[in-house]
Trainee: 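Sharing a structure with you now.
In this text the structure is predicted, and so the values were computed from the model without any measurement.
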Amino acid sequence: RKIELSILAAQSAQDTAMTALEHIQLLLPYNLGGVVLYDFDTNQVDFLATYAVGQNIAPLINRSYTIDEFTPYVETLRTGQIYVMPDLSEETELNLASELIKESGIRSFIDIPLIVRGDLIGSFSVLSDQPNAFEPTHLDIANEVANALALSIQQGRLLETEQRRRKEMEALEQVSMSLRQADMRDELFSILLTESRSLFNADSGAILTPLEDKYEYTIVQGPKNITTLLTHQRFAEDELAEIINAENPVFQPDLPFDKLGVVSAILLPIRFNQKTYGAMILHWLEHREFPVEERHMLNTIADMAGIAVERMHILENLEFQVADRMLELTTLYELTALLAAEGDLTDTLQQTLVRLLETINSFSGAIHLMNDEHNKLDLITHQGIDSGTESSLKTILPDHILWEQLVERSELLLLMDIKKQDLVTAGIQNFEIKNYIGEPIQSVREILGIISVFYTRDHDPSLDEISLLNLVADQVGIAVERT
């Protein structure tokens with residue numbers, strides 16, 4: 001009972017196992033005791049605690065074992081049965097662990113399963129230098145201790161897992177808070193690298209960001225020889241770029257090459273919604289394993305960075321959209337006031353065209369007004385149009401390519417990726433023009449003219465730009481009708 005209470009009072013799984021081994025020697029005749037845990041996912045045995053009385057057990061415990069190498073009778077333990085070895089000297093075929101045990105002077109042992117909720121988690125072994133050292137009463141005592149030990153070990157493991165998870169959550173929360181403080185992308189990446197290096201004790205690290213078809217070392221931290229080399233190198237090797245493009249994290253406990261003393265490294269793509277914003281690399285100058293928990297945490301941090309970059313990208317776009325909307329509204333107010341004022345119509349239309357083109361990011365445009373007497377459109381004012389095109393567009397007749405949509409149908413005309421032959425047909429001699437937007441100028445009763453906007457680059461007009469063009473055309477129509 002005292003042994004059970006001592007086991008249950010232990011603070012960790014290892015303390016629990018040592019407590020059991022230290023106390024059980026008062027009840028069982030043994031020279032060596034041990035508690036091991038089984039990881040059936042990796043097929044590995046983990047020595048939780050050992051206790052020896054005069055035996056040299058270093059050859060036994062200073063190596064790793066698969067479960068089959070250490071416990072070939074594991075299926076017996078799974079059923080809850082105690083495995084009894086009465087005399088090793090009489091056995092002709094021994095597994096690796098039993099051979100080493102025999103060499104240390106052990107003659108007999110018992111192995112008691114540690115079972116929690118029907119699952120085998122490990123075993124509790126008691127060994128003696130005497131043959132047939134264990135009687136049925138010893139097995140009963142060992143089994144009772146094993147039951148208490150299994151429960152306490154599982155509780156300790158759950159507590160350790162909970163504490164580890166809490167620390168992970170606190171660390172992730174700290175990283176998240178730090179990332180939210182960044183105003184610019186470079187600042188965000190710098191915070192990401194600094195926090196990650198600190199959290200995982202990395203000796204150096206770098207952030208790579210895409211530049212055309214390459215990846216550039218944007219931020220480098222660590223010893224001078226590493227930062228100098230990567231900064232001078234500037235771009236990642238093609239093989240490294242291919243790894244980033246593969247979109248999967250890479251964990252290398254042992255690098256296959258020697259570069260500046262770096263032994264272990266990881267690469268984490270920074271992505272969100274199928275888009276790669278870059279990658280983070282961390283280096284260690286000494287060997288480092290990356291357990292599953294750390295890998296999950298590192299992947300989570302990379303995901304958080306991807307979300308933070310995407311959020312920053314959205315906010316930047318919103319800021320641009322707000323700025324564009326404010327510019328468009330300001331332009332509309334100014335042009336409404338300009339067109340409502342008394343003055344020369346041609347001068348007013350010229351100022352209106354210049355201001356409109358500036359706002360919707362165009363280099364050139366024109367305003368034609370209807371000549372009802374001769375059923376044609378006359379060029380009133382233009383901006384950025386070469387002399388040849390000006391001459392061709394001086395008059396637009398009903399057979400012109402623009403007439404049917406803009407005059408007869410009174411509808412917006414949007415032409416994208418215009419072919420050279422279409423430009424020739426329209427009388428436009430600037431073959432660099434790619435896109436065209438035309439808006440009819442009209443009153444309630446009739447078409448008064450058209451406004452044309454040209455682009456020499458691929459430009460998808462936004463709804464706001466088209467809306468502004470439509471509203472300006474309405475105000476021009478009011479001014480024209482008034483005069």
Trainee: How are the rings of F47 and F70 set to each other: parallel, tilted or perpendicular (split at 30° and 60°)?
Mentor: perpendicular
Trainee: List the atom of S443, the atom of E481, and the distance in Å for their closest heavy-atom pair.
Mentor: CB-OE2, 3.2 Å
Trainee: For S190 and D186, indicate whether the former's side chain and the latter's backbone hold a donor-acceptor pair under 3.5 Å.
Mentor: no
Trainee: So do the side chains of V116 and L114 get within less than 4.5 Å of each other, counting heavy atoms only?
Mentor: no
Trainee: To the nearest 0.5 Å, what is the distance between OG (S467) and CD1 (I360)?
Mentor: 11.5 Å
Trainee: Is it true that a side-chain atom of E310 and a backbone atom of G306 form a donor plus acceptor pair closer than 3.5 Å?
Mentor: no
Trainee: Give a yes or no answer on whether the side chain of Q405 reaches the backbone of L412 with a donor-acceptor pair at less than 3.5 Å.
Mentor: yes
Trainee: I301 versus F200: any side-chain heavy-atom pair under 4.5 Å?
Mentor: yes
Trainee: Using only heavy-atom distances, determine whether the side chains of S178 and Q174 contain a donor-acceptor pair under 3.5 Å.
Mentor: yes
Trainee: Looking at residues at least two apart in the chain, or sitting in another chain, which of them share a ring-ring contact (aromatic ring centres under 6.0 Å, His included) with W284?
Mentor: F290
Trainee: Would R63 count as a cation-pi partner of Y65, with NZ or CZ less than 6.0 Å from the six-membered ring centre and within 45° of the ring normal?
Mentor: yes
Trainee: Using only atom types and a distance under 3.5 Å, with no angle test, would you say the side chain of H400 pairs donor to acceptor with the backbone of L393?
Mentor: no
Trainee: Can you see which heavy atom on E247 is nearest to which on P269, and at what distance?
Mentor: C-CG, 3.8 Å
Trainee: Given 3.5 Å as the limit, does a donor-acceptor pair link the side chain of R271 with the main chain of Y277, or not?
Mentor: no
Trainee: For A97 and L60, work out which heavy atoms get closest and say how close.
Mentor: O-CD1, 3.9 Å
Trainee: Are a donor atom and an acceptor atom from the side chains of D386 and T389 found within less than 3.5 Å of each other?
Mentor: yes
Trainee: Mind checking what makes salt bridge (Lys or Arg N to Asp or Glu O under 4.0 Å) contact with R78, not counting sequence neighbours?
Mentor: E75
Trainee: Is the NZ or CZ atom of R295 both under 6.0 Å from the centre of the six-membered ring of F251 and within 45° of that ring's axis?
Mentor: yes
Trainee: Taking S364's backbone N and O only, do any of them form a donor-acceptor pair with S362's side chain (distance below 3.5 Å, no angle check)?
Mentor: yes
Trainee: Does Y217 have any ring-ring contact (aromatic ring centres under 6.0 Å, His included) partners at least two apart in sequence or in another chain, and if so, which?
Mentor: none
Trainee: Could you go through residues 36-43 and list every donor-acceptor pair under 3.5 Å that involves a side-chain atom there, pairing it with any protein atom two or more places apart or in another chain?
Mentor:
| residue | atom | partner | partner atom | Å |
| --- | --- | --- | --- | --- |
| Y38 | OH | T71 | OG1 | 3.0 |
| Y38 | OH | S123 | OG | 3.0 |
| D39 | OD1 | D41 | N | 3.0 |
| D39 | OD1 | T42 | N | 3.3 |
| D39 | OD2 | T42 | OG1 | 3.3 |

Trainee: Rounded to the nearest 0.5 Å, what separation is found between the CD atom of E465 and the CG atom of N361?
Mentor: 6.0 Å
Trainee: Enter the distance from Q383:CD to E358:CD here, rounded to the nearest 0.5 Å.
Mentor: 8.5 Å
Trainee: Just jot down the ring-ring contact (aromatic ring centres under 6.0 Å, His included) partners of Y455, sequence neighbours excluded, or say none.
Mentor: H459
Trainee: Would you check if L240 and I281 make a side-chain contact, meaning some heavy-atom pair closer than 4.5 Å?
Mentor: yes
Trainee: If you round to the nearest 0.5 Å, how far is CG of L353 from CD1 of I367?
Mentor: 5.0 Å
Trainee: State, yes or no, whether a side-chain contact exists between V175 and L172 at a heavy-atom distance under 4.5 Å.
Mentor: no
Trainee: Could you grab the distance from atom CG of L179 to atom CE of M312, nearest 0.5 Å is fine?
Mentor: 8.5 Å
Trainee: To the nearest 0.5 Å, what is the distance between CD (E187) and CD (Q181)?
Mentor: 8.5 Å
Trainee: Show the nearest heavy-atom pair for residues A236 and L208, with the distance to one decimal.
Mentor: CB-CD2, 3.8 Å
Trainee: Quick check: does any side chain N or O of Q233 sit under 3.5 Å from a backbone N or O of F235, one acting as donor and the other as acceptor?
Mentor: yes
Trainee: Which pair of non-hydrogen atoms, one from I244 and one from G278, has the smallest distance, and what is that distance?
Mentor: CG2-O, 4.4 Å
Trainee: Without hydrogens or angle criteria, can the side chains of E216 and T209 be said to hold a donor-acceptor pair below 3.5 Å?
Mentor: no
Trainee: Near D238 CG, under 6.0 Å, is it more than 12 heavy atoms from other residues, nucleotides or ligands?
Mentor: no
Trainee: Keeping the roles fixed (side chain from N95, backbone from P72), state whether a donor-acceptor pair exists under 3.5 Å.
Mentor: no
Trainee: If you draw a 6.0 Å radius around CE in M416, do more than 12 non-hydrogen atoms from other residues or ligands fall strictly inside?
Mentor: yes
Trainee: Measure across Q475 and T336 and return the closest heavy-atom pair with its distance rounded to 0.1 Å.
Mentor: OE1-CG2, 3.6 Å
Trainee: Would you say the side chain of V476 lies within less than 4.5 Å of the side chain of T352, judging by non-hydrogen atoms?
Mentor: yes
Trainee: Flag the pair R197 / L282 as yes when at least one side-chain heavy-atom distance between them is below 4.5 Å, and no otherwise.
Mentor: yes
Trainee: For a 4.5 angstrom cut-off between non-hydrogen side-chain atoms, does V35 reach I153?
Mentor: yes
Trainee: Should R288 and E294 count as an ion pair when the cut-off is N to O under 4.0 Å?
Mentor: yes
Trainee: State whether the number of non-hydrogen atoms from other residues, nucleotides or ligands found under 6.0 Å of H287 atom NE2 is greater than 12.
Mentor: yes
Trainee: Examine distances only and state if a side-chain atom of S391 and a backbone atom of S387 form a donor-acceptor pair shorter than 3.5 Å.
Mentor: no
Trainee: Does the side chain of Q252 come under 3.5 Å of the side chain of S264 through a donor N or O and an acceptor N or O?
Mentor: no
Trainee: For E237, what residues pass the salt bridge (Lys or Arg N to Asp or Glu O under 4.0 Å) criterion, not counting sequence neighbours?
Mentor: K259
Trainee: Could you walk me through whether T66 and Q44 pass the side-chain hydrogen bond (donor to acceptor under 3.5 Å, both in side chains) check?
Mentor: CA-CA 4 Å; T66 65; Q44 293 295 307; over 6 Å; no
Trainee: T227 side chain to K224 main-chain N or O, any donor-acceptor pair under 3.5 Å?
Mentor: yes
Trainee: Quick check: do E286 and V263 have side-chain heavy atoms less than 4.5 Å from each other?
Mentor: no
